[in-house]
Q: 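Please read through the structure below; I'll follow up with questions.
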Number of protein chains: 2
Amino acid sequence: MINDSQVVNAAFRGSFEPALIEEINRIGIYQEVEEGEYLIRPGSYIRSVPIILSGSVKIMRPDAVGNEALLYYLSGLDSCAISMTGSPDNKPSEITAIAEEKTRLIFIPVEKVDEWICRFPTWKQFVFRTYQRRFDDMIATIDSIAFQKLDERLLTYLKKKTQSCQCTVLQVTHEEIAREMATSREVISRLLKQLERVGYLRLSRNKIEIL
Amino acid sequence: MINDSQVVNAAFRGSFEPALIEEINRIGIYQEVEEGEYLIRPGSYIRSVPIILSGSVKIMRPDAVGNEALLYYLSGLDSCAISMTGSPDNKPSEITAIAEEKTRLIFIPVEKVDEWICRFPTWKQFVFRTYQRRFDDMIATIDSIAFQKLDERLLTYLKKKTQSCQCTVLQVTHEEIAREMATSREVISRLLKQLERVGYLRLSRNKIEIL
DNA sequence: GCGGTTCCGTGATATATGTCACACGGGCGA
DNA sequence: TCGCCCGTGTGACATATATCACGGAACCGC
């Protein structure tokens, strides 16, 4: 099946060998999702691995009572290591993936991930690099939760978020931030206000502008 | 070079194909470490990957000012996914690995990890399973830090620890627990005392007996 | 046994974070 | 235009955790 192969080619040229790009075009399933759409829900089974072509996706970890912790963001040419490994046992997913903005991606069936490892050196490299990055991300997340106080965590949060969306104006409510940081709305409101007073940002409804 | 090949054979039989076991015996470097010994220190370069034959090892993440967060434990036939990926960039390690008890392990040079992936199906399986387990461990750690209060965290901590060392009497000081949970000794002392009053455990110097 | 050291228990107090209650204002549909 | 809902700001208070200060108990080497 032919996807939007121009897009795919452009994204992968330089990273992957031509035969692999060909294969991805043949096998992968191209998809565009809008902001806020779910790619993965907890409880669903993961049978294919997404590679982000453009846009960004956040990966969250929900708990039993409606809280969620942000694990990491994915953006250009990233992939989700959890979904690479998640399926062998046939366990359902324990994470959530949500598009942060309009995002284009291509899904690769998990069995191909495995098969290509030995066929395409650049793929093997890609898979390993993906694992490493996600590990680093998770460690950074643990650092942040374990060692930093909320105000520092909020700063790191804002930094990461601006990085992942490549912009300085965040479309987000205090409530949403609070949930991703597993705290409450009032606390975030106060801390943001503080940061505004210090001149680090400007607040308005549904919007945070970093200065 | 011939390591303690009986030990290696016994440990790997059933998991790995004979040719791979042979190869591991030929290439791997067998080592025994005592309780408390460091396998990896932050800042050192990782050039080989440890596979635990017996005993257990804890993997920690230090911060800038002397705190440490526990990432996960490794025990029989586990391996450390971080060290598999850690080296490609030639970045120094950002983690610490310490033997929890007398531990026997075998070191595989990182380049072999890569090479064997395509030569030995059981090895590929092993590497992927390792990644998956470590991911699950890290997610559990994040869950615990993000969602649980200290008393619950302490319970999960004790549970994991008893699991990893396969015993109900832990040789550990309150100070050590506190550091691994990134809190202070007094707090842990109080919480432990509470658990003792409830009849969950018995305390004595350097020792916690789970009931 | 003695002195020093390490570990543990515990009160008092400080700080950070969570929770409740409520007011305000803007957008938006009726 | 009115009323309503959602997002926000903020005081007052509750709770969890951190810190300080200290004393006592167990162990260790001499």
Side-chain angles (χ1 to χ4, degrees), chain A residues 35-36 63-70 142-158 161 169-210, chain B residues 35-36 63-70 142-158 161 169-210:
Chain A
E35 180 185 339
D63 80 345
V65 298
N67 300 315
E68 302 190 276
L70 179 63
I142 290 177
D143 272 3
S144 169
I145 306 181
F147 300 134
Q148 299 187 314
K149 284 201 280 190
L150 265 182
D151 49 356
E152 297 174 280
R153 279 180 61 200
L154 181 55
L155 278 175
T156 22
Y157 173 92
L158 293 172
K161 190 121 175 167
V169 178
L170 303 176
Q171 299 281 343
V172 66
T173 77
H174 301 183
E175 176 69 36
E176 191 185 338
I177 299 179
R179 286 212 342 209
E180 296 183 12
M181 291 178 56
T183 177
S184 69
R185 200 264 317 160
E186 297 93 315
V187 173
I188 296 297
S189 285
R190 274 192 252 268
L191 291 176
L192 282 173
K193 206 69 200 167
Q194 224 170 280
L195 289 176
E196 187 180 38
R197 275 194 282 270
V198 177
Y200 184 84
L201 46 76
R202 190 157 356 174
L203 295 173
S204 38
R205 190 187 175 87
N206 290 320
K207 206 175 76 178
I208 299 177
E209 185 182 352
I210 313 290
Chain B
E35 179 186 340
D63 82 343
V65 298
N67 300 316
E68 301 192 276
L70 180 62
I142 290 178
D143 272 3
S144 169
I145 307 181
F147 301 133
Q148 300 186 315
K149 285 201 281 192
L150 265 182
D151 49 358
E152 297 173 280
R153 279 179 62 199
L154 181 56
L155 279 174
T156 25
Y157 173 91
L158 293 172
K161 192 121 176 168
V169 178
L170 303 175
Q171 299 282 342
V172 65
T173 78
H174 301 182
E175 177 69 35
E176 192 184 338
I177 300 179
R179 286 211 344 207
E180 296 183 12
M181 292 179 54
T183 176
S184 69
R185 199 263 318 159
E186 297 93 315
V187 173
I188 295 297
S189 285
R190 273 192 254 268
L191 292 175
L192 282 173
K193 206 68 199 167
Q194 224 171 281
L195 289 175
E196 186 180 39
R197 275 195 282 270
V198 176
Y200 184 85
L201 47 75
R202 191 157 357 174
L203 295 173
S204 38
R205 189 188 175 88
N206 288 323
K207 204 175 77 179
I208 299 177
E209 186 182 351
I210 311 290

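The chains referred to below are lettered A, B, ... by the order of the sequence lines, with proteins before strands, and numbering in each begins at 1.
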Q: Would you mind classifying the nucleic acid contact of Ser184(A) as base, sugar-phosphate or nothing, using non-hydrogen atoms under 4.0 angstrom?
A: base
Q: When the distance from CD of Gln194(B) to C1' of dT17(D) is rounded to whole Å, what number comes out?
A: 13 Å
Q: dC8(C) P sits how many Å from Arg202(B) CZ, rounded?
A: 16 Å
Q: By nearest atom, which of the nucleotides dT10(D), dT17(C), dA18(D) is closest to the Lys193(A) side chain?
A: dT10(D)
Q: Rounded to whole Å, please give me the gap between CG in Leu191(A) and C1' in dT10(D).
A: 13 Å
Q: Give a yes/no answer on whether the side chain of Thr183(B) brings an N or O atom under 4.0 Å of OP1 or OP2 in dA18(D).
A: yes
Q: What is the minimum heavy-atom distance between Leu201(A) and Ile210(A), and which atoms define it?
A: CB-CA, 4.2 Å
Q: Output the rounded distance in Å from CZ (Arg190(A)) to P (dT10(D)).
A: 9 Å
Q: If you take all heavy atoms of Val169(B) and Glu209(B), which pair is closest and at what distance?
A: CG2-CG, 3.9 Å
Q: Are any side-chain N or O atoms of Asp143(B) and backbone N or O atoms of Ala146(B), one a donor and one an acceptor, separated by less than 3.5 Å?
A: no
Q: Mind calculating the distance between CD (Glu152(A)) and C1' (dA16(C)) to the nearest angstrom?
A: 12 Å
Q: Rounded to the nearest Å, what distance is computed from the CD1 atom of residue Ile188(A) to the P atom of nucleotide dT17(C)?
A: 10 Å
Q: Check the interface with nucleotides 22-25 of chain D: list each N/O to N/O pair with the protein under 3.5 Å, or write none.
A:
none

Q: Select from Glu196(A) and Lys149(B) the residue whose nearest nucleotide in DNA chain D is closer to the 5' end of that strand.
A: Glu196(A)
Q: Calculate the interatomic distance between Glu209(B) atom CD and dC8(C) atom C1'; express it in whole Å.
A: 18 Å
Q: Taking it one step at a time, do Arg153(A) and Leu150(A) satisfy side-chain contact (heavy atoms from CB on, under 4.5 Å)?
A: CA-CA 5 Å; Arg153(A) 279 180 61 200; Leu150(A) 265 182; 3.8 Å; yes
Q: Assess whether one donor atom and one acceptor atom, taken from the side chain of Glu186(B) and the base of dC8(C), lie less than 3.5 Å apart.
A: no
Q: Under 3.5 Å, is there a donor-acceptor pair between the side chain of Glu180(A) and the main chain of Ile177(A)?
A: no
Q: Please check the phosphate of dT8(D) (OP1 and OP2 only) for any side-chain N or O of His174(A) closer than 4.0 Å.
A: yes
Q: Expressed as a whole number of angstroms, how long is the span from Asn206(B):CG to dA26(D):P?
A: 13 Å
Q: Salt-bridged, Glu196(A) to Lys193(A), with N to O below 4.0 Å?
A: yes
Q: Kindly give the heavy-atom pair with the smallest separation between Ala69(A) and Phe147(B), and that separation in Å.
A: N-CZ, 3.6 Å
